[in-house]
Amino acid sequence: MTRRMLSWVLLALLTAGCQQISTTAPGMVGVTRKQTMLVSEQEVNQASAQAYQQQMAAARGQGVLNSNAALTRRVRAISKRLIAQTPFFRPDAAQWRWEVNVVQSPEMNAYAMAGGKIAVYSGLAQKLSLTDDELAAVIGHEIAHALREHSREKASQAQMQQLGVGLLGIIGGLNSNQLGLANSAADLAFGLPYSRNMESEADTVGLELMARAGYDPRAAVSVWKKMQMAGQSGGPGFLSTHPNAGQRIESISAQLPNVQPLYEAARRK
């Protein structure tokens, strides 16, 4: 097969099966970006469930899984209220097998894997002295990642990048060193901007979730101020996979007028 013919085959592989989809409804915050998916939802959910169970089993073996009963009850109560609002963005989330656990660890972290597998590290709540509203901001942000299927999108991007760099090498006749440079360039030009988009989407979708659940959305600003003071801003926004705390505070503040009426309506119920 000639180089030109092979390039066409790779190009076909790159574009075949690409789905431009909207994983969530726009909501009041107006998240409308369509996502390109090469990996199936089922594959990602299965892999996430397996990884989550392994992590929780390891924590259980170390005696740090849900060992703080009061914090576990608190995190699960907040998560339950947030999860109840997820059908506003995607109705199928009501049928997800949600799990919520707390890991006793000084690490200031939390995550929600694909399919609704949530973990909160105790250091996050304890070191930052988070209120319920502030915890809701963090957990809502992580739930938003799951609703938007950002892990599936990243897996799809990785496949596209690998195919694209291979195509570039065949067409241009690049050697291994040149391919390595091309791959690094692809990381900067293709991967990082999407990651910043994902983080911004999780901020805004999470903001609406917490407001609908009756948590004060202004706490999303205060929690990032606490992160900033604790030196957890994630570094400069340029060439970072996360916007820094200052950028997040600015974008979240701009969305507050859109979600404040939802919070006020939830509080009246």
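Computation of the quantities below employed the complete heavy-atom set of this structure, encompassing side-chain atoms and omitting hydrogens, waters and symmetry-equivalent molecules.
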Qualifying side chain to side chain donor-acceptor pair (under 3.5 Å) pairs, either residue in residues 21-32, two or more places apart:
T23-Q35, T23-R148, T24-R148

Taking all atoms of both residues into account, what is the closest heavy-atom pair of L207 and P217, and its distance?
CD1-O, 3.5 Å

Any salt bridge (charged side-chain N to carboxylate O under 4.0 Å, His left out) involving residues 256-266? Give me the pairs, sequence neighbours left out, ordered by first then second residue.
none

Decide yes or no for T86 and I143: does some side-chain heavy atom of the first lie under 4.5 Å from some side-chain heavy atom of the second?
yes

Output the rest of the hydrophobic cluster of Y121: all Ile, Leu, Val, Met, Phe, Trp and Tyr residues reachable through side-chain heavy-atom contacts under 4.5 Å, sorted by chain and number.
Y52, M56, V64, L65, V103, Y111, M113

Under the 3.5 angstrom rule, does the side chain of S48 hit a backbone N or O of N45 as a donor-acceptor pair?
no

Pairs in or reaching into residues 100-113: which pass salt bridge (charged side-chain N to carboxylate O under 4.0 Å, His left out), with residues at least two apart or in two chains?
none

Qualifying salt bridge (charged side-chain N to carboxylate O under 4.0 Å, His left out) pairs with a residue from residues 111-133, counting only residues at least two apart or across chains:
R74-D132, E99-K117

Taking only residues two or more places apart in sequence, or in another chain, which ones meet H145 in a ring-ring contact (aromatic ring centres under 6.0 Å, His included)?
H141, H150

Is the side chain of S156 donor-acceptor paired with the backbone N or O of L38 at a distance under 3.5 Å, no angle test?
yes

Excluding sequence neighbours, so at least two apart, what forms side-chain contact (heavy atoms from CB on, under 4.5 Å) with S251?
none

Answer yes or no: is there a side-chain heavy-atom contact under 4.5 Å between W224 and D203?
yes

Are the side chain of R152 and the backbone N or O of V44 linked by a donor-acceptor pair below 3.5 Å?
no

Pairs meeting criterion side chain to side chain donor-acceptor pair (under 3.5 Å) with involvement of residues 60-73, two or more places apart:
N66-N101

Partner set under salt bridge (charged side-chain N to carboxylate O under 4.0 Å, His left out) for R218, not counting sequence neighbours
D216

If the threshold is 4.0 Å, N to carboxylate O, is there a salt bridge linking R248 and E199?
yes

Which residues share a salt bridge (charged side-chain N to carboxylate O under 4.0 Å, His left out) with E208, sequence neighbours left out:
R212

Verdict with reasoning, Q255 to T204, per side-chain hydrogen bond (donor to acceptor under 3.5 Å, both in side chains)
CA-CA 7 Å; Q255 285 284 358; T204 53; 5.2 Å; no

Look up atom CE in M198 and atom NZ in K154, then write down how far apart they are to the nearest 0.5 Å.
5.5 Å

Do V138 and V120 have side chains that approach each other closer than 4.5 Å (heavy atoms only, starting at C-beta)?
no

For A220 and V223 the tightest heavy-atom approach is O-CG1, 3.4 Å

side-chain contact (heavy atoms from CB on, under 4.5 Å) between Y263 and M210, worked out
CA-CA 8 Å; Y263 166 63; M210 67 181 296; over 6 Å; no

If you look at every heavy atom in A136 and L82, which pair is closest and at what distance?
O-CD1, 3.7 Å

Indicate the atoms forming the closest heavy-atom contact of A125 with L71, along with that distance.
CB-CD1, 4.0 Å

Decide yes or no for K34 and I21: does some side-chain heavy atom of the first lie under 4.5 Å from some side-chain heavy atom of the second?
no

Could you pull out all residues at least two apart from E41 that satisfy salt bridge (charged side-chain N to carboxylate O under 4.0 Å, His left out)?
R90

CD of E142 to CD1 of I118, rounded to nearest 0.5 Å, is 9.0 Å

Tell me if a side-chain donor or acceptor on Q46 pairs with a main-chain N or O of E43 at a distance below 3.5 Å.
no

Hey, mind stepping through L209 and F89 against side-chain contact (heavy atoms from CB on, under 4.5 Å) and telling me if it holds?
CA-CA 9 Å; L209 284 175; F89 284 95; 4.0 Å; yes

Which heavy atom of A144 sits nearest to which heavy atom of G206, and what is that distance?
CB-N, 3.7 Å

Can you list the residues that meet the salt bridge (charged side-chain N to carboxylate O under 4.0 Å, His left out) rule with E134, with sequence neighbours excluded?
K226

Is the shortest side-chain heavy-atom distance between P26 and V31 below 4.5 Å?
no

Would you say M108 ends up clustered with I78 if hydrophobic residues are merged whenever their side chains have heavy atoms under 4.5 Å apart, either directly or through other cluster members?
yes

Evaluate V259 against V29 for side-chain contact (heavy atoms from CB on, under 4.5 Å), listing each step before the verdict.
CA-CA 7 Å; V259 299; V29 292; 3.7 Å; yes

